[in-house]
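Comments concern the structure below.
In what follows, chains carry the letters A, B, and so on, assigned in the order in which the sequence lines appear, proteins first and then strands, with residues in each chain numbered from 1.
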Protein chains: 2
Amino acid sequence: MGACNTSSIRRDCFTCQSRDRAEWCALNDEELRLLDKAKVVREYRPGEVIFHQGDPSRGVHCFETGMVGIRKIDADGNSILLGLAYPGDTLGYRSFLVGEDHGASAEALKPSTICFVDSATVRTLLEHNPALGLQFLKTVARDLGAAEERILQSVTLSVRARFAHLLLVLKDRYATSSEDGTFELELPLARQDLAAMIGIRPETMSRAIKQLEEDGVAYFSGRSVLVPDLKRLLREIEPESYL
Amino acid sequence: MGACNTSSIRRDCFTCQSRDRAEWCALNDEELRLLDKAKVVREYRPGEVIFHQGDPSRGVHCFETGMVGIRKIDADGNSILLGLAYPGDTLGYRSFLVGEDHGASAEALKPSTICFVDSATVRTLLEHNPALGLQFLKTVARDLGAAEERILQSVTLSVRARFAHLLLVLKDRYATSSEDGTFELELPLARQDLAAMIGIRPETMSRAIKQLEEDGVAYFSGRSVLVPDLKRLLREIEPESYL
DNA sequence: CGCCCATCTTGATCAACGTCAAGGAACAGG
DNA sequence: CCTGTTCCTTGACGTTGATCAAGATGGGCG
């Protein structure tokens with residue numbers, strides 16, 4: 001699609017708003033030019049897959065706008081959402097770095113614009129600019145920390161506590177008003193996917209929601225959630241508060 | 001082994017056998033000299049802690065000989081073994097990279113020799129030699145892949161399947177004979193710690209062991225395990241084999 | 001040899017979660 | 001407006017693994 005790609009507007013790495021949030025902020029003009037020339041932009045509609053688990057890694061994906069989910073499936077067909085990705089994130093960098101096939105799938109959850117950069121280019125940039133590697137190092141180290149935390153939580157915490165935790169994470173990004181402890185939340189995910197985020201069945205998610213409502217911790221209606229008291233929610237993830 | 005390196009003998013980074021297995025293989029002589037001068041060697045007895053979860057990161061630890069366990073505890077006191085570390089591994093690099101406190105503890109499980117390298121030195125080396133950063137990048141990316149795999153397994157697989165999986169992992173390092181499908185295994189861990197590796201209680205581990213014995217999959221006696229048929233064990237981690 | 005202590009095992013019980021099955025709600029397309 | 005489809009909820013039930021409480025085992029040491 002040459003110079004144009006969406007509704008006829010030129011997208012390039014220089015004006016990409018996501019760039020400063022990404023690892024690529026380490027690049028200088030010359031390197032950016034290389035990146036810009038190599039990238040292939042593509043729009044994805046909700047449900048479309050950016051790459052499949054098991055596919056060979058051919059490069060990395062630069063997330064420009066939208067929202068995508070990282071999904072991992074095991075041999076039995078059980079799947080969980082490993083996480084959500086947002087503009088500025090780089091997708092599929094892990095498989096690229098270790099030279100393995102993709103260990104998870106990425107699929108658009110909202111309409112998304114994502115650039116693809118082939119392995120050779122990324123490798124050139126990495127060798128050329130050490131700072132880029134250090135940026136990636138920080139990102140992947142952070143991700144690793146989060147993953148390890150999640151391993152612990154998935155074996156020690158109850159569904160209820162894990163769900164409370166998820167709500168708190170989503171709050172930071174999707175809470176509309178957070179004044180006196182009350183806040184409202186517009187969920188970016190369907191029930192199924194909420195369930196997949198914490199590795200449970202949709203039925204169990206329904207019941208967890210019902211319980212939280214019965215206990216007055218949170219009220220759900222469609223995709224919007226009302227939390228009347230942040231402290232009540234926080235108490236859900238605390239150890240038995242012996243007060 | 002070069003200058004030798006056991007009790008009361010000079011240890012240096014040049015003759016360290018673990019070096020070529022580690023990220024530090026990227027260093028040249030000059031850099032090695034810097035590392036060698038900065039490092040502080042220390043012996044740890046089983047049970048001794050190298051660093052505690054929550055401690056600020058002051059640098060990284062280079063594993064020379066022995067065996068250590070990485071343990072993570074949550075607010076309720078539940079703990080799991082995130083993994084085992086061996087000579088050649090670098091410990092605590094994650095916290096160092098993101099500049100956070102240690103997210104887990106490291107404790108010696110066997111007598112171990114471990115060098116400490118302060119943050120300033122590592123930072124200098126990283127800035128000085130880009131290849132070192134790329135080495136770390138590979139390591140941490142690999143670890144992240146393993147962690148993500150484990151998240152999925154911990155929520156989808158049964159205790160039995162997770163235990164079978166653990167046995168297979170330990171097999172690669174500790175199996176004595178692996179000829180015709182039969183093999184024997186000398187476990188490096190006590191039951192408690194085996195349990196902690198897959199996030200279950202010791203009681204449950206006992207029962208899992210009993211079950212595997214009743215089904216003829218594996219026989220346990222103290223720390224040695226006899227697996228009469230590898231295929232039987234493999235079948236434990238497969239989806240319901242509709243054969 | 002016998003004792004102590006830690007570790008491991010066993011049993012009984014219970015809550016949590018998955019599974020199966022059925023019914024309801026929301027929504028797009030005709 | 002109806003209809004099919006997908007998603008969500010609810011109920012009944014079974015299984016899994018945690019918990020609590022005793023015992024058993026085994027190794028180090030006097």
Side-chain angles (χ1 to χ4, degrees), chain A residues 45-47 69 71 74 76-81 107 109 152-166 186-215 218-225 236-237 239-240, chain B residues 45-47 69 74 76-81 107 109 152-166 187-215 218-225 236-237 239-240:
Chain A
R45 340 200 80 246
R71 182 167 265 129
D74 70 11
D76 292 312
N78 301 94
S79 89
I80 64 168
L81 268 176
E107 82 184 57
L109 299 176
L152 179 59
Q153 293 187 351
S154 66
V155 292
T156 60
L157 268 52
S158 67
V159 162
R160 180 164 172 153
R162 276 184 280 159
F163 185 35
H165 197 92
L166 175 59
E186 196 63 27
L187 295 175
L189 295 170
R191 299 288 135 111
Q192 290 189 125
D193 290 334
L194 283 180
M197 285 286 295
I198 55 178
I200 62 175
R201 307 284 142 177
E203 297 97 316
T204 305
M205 174 53 72
S206 268
R207 287 184 247 266
I209 287 174
K210 208 174 161 192
Q211 269 194 29
L212 288 184
E213 287 185 333
E214 280 169 0
D215 296 349
Y219 300 92
F220 297 77
S221 167
R223 286 197 174 185
S224 56
V225 190
E236 295 292 330
I237 63 171
E240 316 294 315
Chain B
R45 337 200 81 242
D74 71 9
D76 292 314
N78 300 93
S79 89
I80 64 168
L81 268 177
E107 80 185 57
L109 298 176
L152 179 59
Q153 293 188 349
S154 65
V155 293
T156 60
L157 268 52
S158 67
V159 162
R160 179 163 173 151
R162 275 184 281 158
F163 184 35
H165 197 92
L166 175 58
L187 295 175
L189 295 169
R191 303 283 136 112
Q192 289 190 126
D193 290 334
L194 282 180
M197 286 286 295
I198 56 178
I200 61 174
R201 306 284 143 176
E203 297 98 315
T204 306
M205 175 53 71
S206 269
R207 287 185 247 266
I209 286 174
K210 207 173 161 191
Q211 269 195 30
L212 288 185
E213 288 186 333
E214 280 168 0
D215 296 350
Y219 300 92
F220 297 76
S221 165
R223 287 197 173 184
S224 55
V225 190
E236 295 292 330
I237 63 171
E240 315 294 316

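Bending across the helix from C:dC1-D:dG30 to C:dG30-D:dC1, expressed as the angle between its end axes from five pairs apiece, amounts to 30° (10° rounding).
Side-chain atoms of A:T156 come within 3.5 Å of backbone N or O of A:L152 as a donor-acceptor pair.
Screening residues 198-215 of chain B for salt bridge (Lys or Arg N to Asp or Glu O under 4.0 Å), with sequence neighbours left out, gives B:R160-B:D215.
Proximity of B:Y219 to B:V225: side-chain heavy atoms (C-beta onward) are nowhere separated by under 4.5 Å. Under the 4.5 Å side-chain criterion, counting only non-hydrogen atoms from C-beta, A:I198 is not in contact with A:H165. Residues B:Q192 and B:L194 fail the side-chain proximity criterion, which asks for heavy atoms closer than 4.5 Å. Two residues are said to be in side-chain contact when any heavy atoms from C-beta on lie closer than 4.5 Å; B:Q153 and A:D74 fail this criterion.
Atom CZ in B:F220 sits about 10 Å away from atom P in C:dT9, given to the nearest Å. Here C:dG18 presents its P atom at 16 Å from CZ of A:R160, a figure rounded to the nearest Å.
Qualifying side-chain contact (heavy atoms from CB on, under 4.5 Å) partners for B:V155, counting only residues two or more places apart in sequence or in other chains: A:I80, A:S154, A:R162. Considering only residues two or more places apart in sequence or on other chains, A:D193 meets the salt bridge (charged side-chain N to carboxylate O under 4.0 Å, His left out) condition with A:R71.
Residues B:I237 and B:A164 share a closest heavy-atom pair of CG2-CB, 3.7 Å.
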Could you please spell out the steps behind the side chain to side chain contact (heavy atoms under 4.5 Å, CB included) verdict for B:R191 and B:I209?
CA-CA 10 Å; B:R191 303 283 136 112; B:I209 286 174; 3.5 Å; yes

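Using a 4.0 Å cut-off on heavy atoms, the residues of residues 201-214 of chain A that approach DNA chain D are A:E203, A:S206, A:R207, A:K210, listed by number.
Protein chain B contacts DNA chain D over a range whose 5' and 3' limits, counting nucleotides with an atom under 4.0 angstrom from a non-hydrogen atom, are D:dG17 to D:dC20.
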